[in-house]
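Okay, so here's the structure we're looking at.
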Amino acid sequence: MNQTGPSSGLEVIDLRSDTLTKPTTGMRAAIAAAEVGDDVFGEDPTVQRLEKRVAEILGKEAAMFVPSGSMSNQVAIRTHTQPGDEILVDETAHVALYEAGAPAALSGVMCHYLRGDRGRFTGADVRAAIRPANVHFPPTRLVVVENTSNRGGGSVWTLDQVRDVAQTARELGLRLHMDGARLWNACVATGVSEAEYAAEFDSVSVCFSKGLGAPVGSALAGSAGFIARARRFRKMFGGGMRQAGILAAAALYALEHHRSRLKEDHANAALLARGLAGLPGIHLDPATVETNIVIFDVAGDHAARFVERLETVGVRMLAVGPGRVRAVTHLHISEADIQEALERIRRVWPPQG
Ligand code: TLP
């Protein structure tokens, strides 16, 4: 549970996002103890340690610490493409939907939307979307895979699904980027290692500030040459940080201590989904909840109303469409919190009168 609650005086159970977590005591100690230097001069030993560790986990030659997942994705897109190129993304992808139009603004590329199954598309979809070499068309350059898929309700790409897309992309001469903001969750859910997934991609972005509970930070990994070029774009986008070791220390702590516990978040999300699925007017198949994100529909496009009712009893979720709500479990949410949240929700939903 989190901070003190609303008018009801209840403790708030905040399920809006796994980005809401605050550093734990252990993490704060690691931050306090961090050795730092000026990272734009390449002199922050803790940032260097983090970059080495991330490259090792992902089985890539190099990695670069960046302030956010959005910057990591957009630096990757900029590094892979030229203005006028086209990139293939699922129509629900964070890079296209929630990064403020950055592919167009920062890289001058077009997004060609694929209609996947809860964020997951196939090699055949990629093949069908590619443009023939013709002066009329933008060159198709890059495919972006989001694993887990946020708007897909935390859906996980299996390794076979990834390999199908990757093999097709390679045959067609396309580059591949993975938005792995929640790759950690995909790995815990499937037992596939981060490196096995990453091996299929030219570049991979991972976040420390989602399920892993660090306050700030993401990393972009790839070949040494790719990361060397990406460092210029990170600077161009304003992402060169100075004594960033205090943030890197939190990320290192999170990698060490908060990865395996994600299975608790997944169990809590499943518990929440089972409870919500029994409520009148809620459309949710609990079998679709694979990780820490629960997305469901509220009949009559009443998402805003549902979220407002919950707020009165100190439970927070996010309306992500007129009839669609998202709840996310994380480090500060226990099984007891989920039981308590369900009890409170039953008090206000369905609305009486
Ligand atoms: N997602 C946030 C919001 O922006 C929607 C959230 O609450 O889930 N990739 C994926 C798949 C993400 O879900 C997010 C953040 C990002 C990238 C961007 O990360 P940041 O917020 O660090 O720029």
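Quick caveat, the model's predicted, so the values are computed rather than measured. First listed ligand is number 1; within each ligand, the first listed atom is number 1.
Side-chain atoms of His330 and Asn292 form no donor-acceptor pair, as typed in the model, at a separation below 3.5 Å.
Ring pair Tyr98/His94: centre-to-centre distance below 6.0 Å.
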- [ ] Let me see the working for Ser72 and Ser205 under side chain to side chain donor-acceptor pair (under 3.5 Å), right down to the final yes or no.
- [x] CA-CA 6 Å; Ser72 193; Ser205 170; 2.9 Å; yes

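Looking at residues two or more places apart in sequence or on another chain, you find a side chain to side chain contact (heavy atoms under 4.5 Å, CB included) between Thr79 and Val75, Phe226, Arg229, Ala230, Phe233.
Every protein residue with a heavy atom nearer than 4.0 Å to ligand 1 is included here: Ser17, Ser68, Gly69, Ser70, Asn73, His94, Glu99, Glu146, Asn150, Asp179, Ala181, Arg182, Lys210, Arg326.
No more than 12 heavy-atom neighbours from other residues, nucleotides or ligands sit within 6.0 angstrom of CD on Glu35.
Using modelled atom types, no side-chain atom of His80 and backbone atom of Leu174 make a donor-acceptor pair closer than 3.5 Å.
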